Amino acid sequence: MDWPTRVDAALALQQALRTQVHLCDEPELPRTVAGVDGGFVDNGATVRAAAVLLRLPDLQPVAQAVAYVPVRFPYVPSLLSFREAPAIIAALEQLGQRPDLVICDGQGLAHPRRFGLACHLGVYCDLPTIGCAKTRLIGQHEPLGNERGACTALMHEGEQLGWVLRTRSGVKPVYVSPGHRVSLARAANLVMACTTRYRLPEPTRLAHQVASGKTVSVPSDKQNSQ
DNA sequence: GCGACAG
DNA sequence: ATCTTGTCGC
């Protein structure tokens, strides 16, 4: 499959693929989780995507991969997938094994057309995915408690699209929404299960470091790159 | 027409 | 996203 270069084609593709999203949980709990994220190099001309695989429930990193792909789409709010997904997919393919779950740095269902980056990656790769964004794209919500674990529904046009989740006491919350093959209810629980002492869950926190050019130590150093 | 707007 | 160190506070 190739990726659209124009906004109108991208919008049409989201409308077509949104029908493929399935929001039901897998029968088995995930035993591995991959965090993915994209960074930029070459003055923004190239996406450097990272995928870090962790074992559950201990969250130990077991593998990592990096991929470089030329940028082919401008940054347009709600069309982030077309900028980062190609590179993220390449990184996931080089991981050596398919993760049981993928956590993305961006929205899933909490998107104008209900098809954020996490949904796109999930449908494309046919993998369970969750979106965990640092800021809001759409939706409203009630104030939430100040303690770790506090959570409130993210609503939009009368329907719940995700959760606003406080992963650390006294720190800005994250915006969690299911991407594919994960239920709204379990999405927040899985993100909490992947979070330790930082605001972001370990999978995306580590993927962000790798995508930003930093180093992450993986015990059995089986990393790949391209 | 005026804001809002994942990374 | 990205340019960037130390510092204040729980």
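All values reported here derive from a predicted model rather than from experimental measurement. Values below: all heavy atoms of this structure, side chains included; hydrogens, waters and symmetry mates excluded.
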Discussion item. In whole Å, I'd like the distance from the CZ atom of A:Phe82 to the P atom of C:dA1.
Written reply: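 In whole Å, C:dA1 P and A:Phe82 CZ are 20 Å from each other.
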Discussion item. Measure CZ/A:Arg199 against C1'/C:dC10 and give the value in whole Å, please.
Written reply: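 Interatomic distance, CZ of A:Arg199 to C1' of C:dC10: 18 Å.
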Item to complete: For A:Arg113, look at atom CZ and say whether over 12 heavy atoms of other residues, nucleotides or ligands are found less than 6.0 Å away.
Response: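 Count over threshold, so yes.
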Discussion item. Atom CG of residue position A:Asp58 - does it have more than 12 heavy atoms of other residues, nucleotides or ligands inside 6.0 Å?
Written reply: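 More than 12 heavy atoms, drawn from other residues, nucleotides or ligands, come within 6.0 Å of this atom.
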Response to the item:
Contact string for nucleotides 1-7 of chain B, one letter per nucleotide 5' to 3', B = base within protein heavy-atom range under 4.0 Å, S = sugar-phosphate only, - = neither, reads ---SBBB
Worksheet item: Using 30° and 60° as the class limits, which term best fits the ring planes of A:His120 and A:Phe115: parallel, tilted or perpendicular?
Response: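 Taking A:Phe115 first and then A:His120, their aromatic rings sit tilted (interplane angle of 30° to 60°).
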Worksheet item: Which of parallel (below 30°), tilted (30 to 60°) and perpendicular (above 60°) describes A:His141 and A:Tyr175?
Response: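 Rings of A:His141 and A:Tyr175: perpendicular, as their planes differ by over 60°.
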Worksheet item: Of the options A:His208, A:Arg205, A:Lys134, which is the one that meets A:Asp105 in a side-chain hydrogen bond (donor to acceptor under 3.5 Å, both in side chains)?
Response: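 Exactly one candidate clears the test, A:Lys134.
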